[in-house]
Amino acid sequence: MLDIKFIRDNPDAVRKAATDKHVSCDVDRLIEVDAKRRSVQQELESLRTQSREGGQQIALCRNKKSDWYKRAIEDGKTDENIKAEADRVQQELNDVKARMKPLDEQSREIEETFAALMLTVPQPPAPEVPLGKDDTQNVELRRVGEIRQFDFEPRDHVTLGQELGIIDIERGVKLAGSRNYVLKGDGALLHQAVLRMALDLMVQRGFTPMHVPVLVRENVMTGTGYFPTGRDQAYLCERDEMALVGTAEVPLTAYRSDEIIPADELPIKYCAQSTCFRREAGAAGKDTAGLYRIHLFDKVEQVIICRNDEELSKRFHQEILQNAEDVVQALELPYRVVNVCTGDLGQGQVQKFDIETWMPSRNSYGETHSASRFYEFQARRLMLRYRDDNKKIRYCHTLNNTVIASPRILIPVLELHQNADGSITIPMALRSYMDGRERIEK
RNA sequence: GGAGGAGUGGCCGAGCGGCUGAAGGCGACGGUUUUGAAAACCGUUUGACGGGCAACUGUCACGGGGGUUCGAAUCCCUCCUCCUCCGCCA
């Protein structure tokens, strides 16, 4: 969410952001509703003032012990005069009340419309974000690691997994429909190993490990920017008005919502492993092979909540990107970092760097990590604030990035570390999590 | 799930139709005192939304929403949360 004052003063910037991000947002209507909202509010406030003052007058008229009453009697008024006065005021107030009623209803409607429109406003991208229509126009920043050249015909992760008996997609689909799977034996252990390795690394780097709810209230989804746009991507538990999160970013970022965080606690660095649920609505037919695009996975996520300072945000953005790169490097996987273009940016994101890891079966780099900074966008929706050095209340800045998401990361892990005999060499960094073993084999 | 009790400012806690955005205490912050500290004393200390260049100012908020009333923290309805007991389950 943006400051309405900013929107009023910079409607063109907001319009441009909407166009560049392919977000639909009726800025003119918003500005119009905002003007109406303020005029109705002012009118209503002045009627309320009348009502309150009149009410106080009646109170005085009814309280024979009040100074005002005694003075009125001294001035020669009779009890009857005063009673008549009270009755007259009450008549007036009935009239005021009658005028307030329709205004009240109107105000309620307008506020609702206004709030709904505000939720559609996109965060303008940073100037360093490349202009582009979709992910094909993301800009590669760097490549790290050598792409392995095989001296045998490499198998894809599905084949490897099947042969080793560690991935069972067929039965996963039997249980839960398309885009589901079962990890078995060493597959299940490897999944746990990458997650735990990633979590341990984050704890070492000063992030507080958390365990958080994955079924949350809808306002938490709205606060982090996933609702109302994107509502169709979430699994809803409508009977309970709850939604399953697609990432631990949601509960981690909202954890301190509605708080004024003591400034000396900032920056706050949280990480959490959680199960992630994604409906993948509208992705029918896309990435149907294997473990790439699935409805359920586990992810370790990192979140930073910091002071309202763009330079600081940028610094932390690099930090969380580095954390993720270090994880990919620890897994001995080649990857590239891309600067995500405007068309591929989310509504609230200021800038996003994706890490794409090499996946032989796709013969391309595939997205495994996504590092975003939001400035105040989420903090405003969540009422995530702190008091600055001048005691002024300010909105925090928020950032987040994947640390590792599995089983997607198992695609390159299995495919790039496979051997001619169909076995897998376990990367060094994971061996201590795999009982010291060097290989996965039949 | 059944029965009962409770939800007030950073915390504790009073108020139970108008004088209460809210006593009192604690905490925090500023000051006086002191060689320094403690103690004591004095003062400050909620947020949201709106108006104004600003100083400043208006409205709203006592778990959420709705209602009664000229007027609600106080009365009524409803929902939520927490506590106790019972049931059920891990």
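To find a chain, count down the sequence lines: A is the first, B the second, and so on, and within it residues start at 1. Reckoned from all heavy atoms, side chains included, excluding hydrogens, waters and symmetry mates.
- Remark: the separation of the C1' atoms in B:U45 and B:G10 is 10 Å, to the nearest Å.
- The local environment of CD in A:Glu265 is crowded, with over 12 non-hydrogen atoms from other residues, nucleotides or ligands closer than 6.0 Å.
- Separating the NZ atom of A:Lys97 from the C1' atom of B:U69 is a distance of 6 Å, rounded to the nearest angstrom.
- One C1' atom belongs to B:G21, the other to B:G47, and the distance between them is 11 Å to the nearest Å.
- Under a 3.5 Å cut-off, the side chain of A:Thr247 and the backbone N or O of A:Glu249 do form a donor-acceptor pair.
- With a 3.5 Å ceiling on both atom-pair distances, the Watson-Crick or G-U wobble partner of B:C29 is B:G43.
- In this structure, A:Gln41 reaches the bases: a heavy-atom distance under 4.0 Å links it to at least one base atom across the strands shown.
- Backbone-only contact: A:Arg52 has heavy atoms under 4.0 Å from sugar-phosphate atoms and none from a base.
- Across B:U44 and B:A37, the matching C1' atoms stand 23 Å from one another, rounded to whole Å.
- Rounding to whole angstrom units, CD of residue A:Glu43 and C1' of B:U59 are separated by 14 Å.
- Atoms CD (A:Gln50) and C1' (B:G71) sit 15 Å apart, rounded to a whole Å.
- A straight line from CG of A:Asp104 to C1' of B:G66 spans 13 Å, rounded to a whole angstrom.
- Under a 4.0 Å N-O distance rule, the pair A:Lys16/A:Asp20 qualifies as a salt bridge.
- Donor-acceptor pairing under 3.5 Å is lacking for the side chains of A:Thr224 and A:Gln378.
- The CD-P distance, from A:Glu111 to B:G65, rounds to 13 Å in whole Å.
- Comparing the same atom, C1', in B:G25 and in B:U35 gives a spacing of 33 Å after rounding to whole Å.
- Within 4.0 Å (heavy atoms only), A:Arg387 reaches sugar-phosphate atoms of the nucleic acid but no base atom.
- Looking at heavy-atom distances under 4.0 Å, A:Ile393 makes contact with sugar-phosphate atoms alone, never a base.
- The CD atom of A:Glu112 sits 15 Å away from the C1' atom of B:G66 (whole-angstrom rounding).
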